[in-house]
Amino acid sequence: MNNDVTIAIKGMQFGSAEATESIIDVYDGIFFEKNDVKYVMYHESIEGTNQDTKCMIKIGLNEVCVTKRGAVNVEMPFKISRVYSAVRL
């Protein structure tokens, strides 16, 4: 069974030490469950391209994985009780 959902994703964009910006993106997508794993799927448009990116959030018992395919290709797994940080050079 598929359910239409609205997804709001909040992120932080870091500039200089004092310049931190909170960004919220909102998308329409679908939610479904298969074999005790929950999935959220949606399409994201990347600024400056004419390509859509297919995005999937897979929510398991001990892990959440964000996968993007299209204009951007990335897989980001997140495990419970682990702290993640990223630095853009």
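FYI, the numbering just counts along the sequence from 1.
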Checklist entry - Tell me, do Lys58 and Thr67 make a side-chain contact under 4.5 Å, heavy atoms counted? => result no
Checklist entry - Do His43 and Cys55 have side-chain heavy atoms sitting under 4.5 Å apart? => result no
How far does [atom1] of [X] sit from [atom2] of [Y], to the nearest 0.5 angstrom?
X: Ile59; Y: Cys65; atom1: CD1; atom2: SG; answer: 11.0 Å
X: Ile9; Y: Asp25; atom1: CD1; atom2: CG; answer: 7.0 Å
X: Ile7; Y: Phe31; atom1: CD1; atom2: CZ; answer: 10.5 Å

Which residues share a side chain to side chain donor-acceptor pair (under 3.5 Å) with [X], sequence neighbours left out:
X: Tyr27; value: Glu44
X: Asp52; value: Ser45
X: Asp28; value: Thr6

Item to check | Least distance between heavy atoms, Thr53 atom then Ala71 atom | outcome: OG1-N, 3.4 Å
Next on the checklist: Suppose we screen for salt bridge (Lys or Arg N to Asp or Glu O under 4.0 Å). Which residues come up paired with Lys54, at least two apart in sequence or across chains?
Outcome noted: none
Checklist outcome for this item: For Leu61, the side-chain contact (heavy atoms from CB on, under 4.5 Å) test, sequence neighbours excluded, returns none
Checklist outcome for this item: For Val66, the side-chain contact (heavy atoms from CB on, under 4.5 Å) test, sequence neighbours excluded, returns Ile57, Lys68, Met76, Phe78
Checklist entry - Is Asn73 atom CG crowded by more than 12 heavy atoms from other residues, nucleotides or ligands, each under 6.0 Å away? => result yes
Next on the checklist: Run Met41 and Phe32 through side-chain contact (heavy atoms from CB on, under 4.5 Å) and show every step you take.
Outcome noted: CA-CA 9 Å; Met41 299 180 77; Phe32 63 96; 3.5 Å; yes
Next on the checklist: Using side-chain contact (heavy atoms from CB on, under 4.5 Å), reason through Glu33 and Tyr39 one step at a time and then give a plain yes or no.
Outcome noted: CA-CA 6 Å; Glu33 196 168 343; Tyr39 295 87; over 6 Å; no
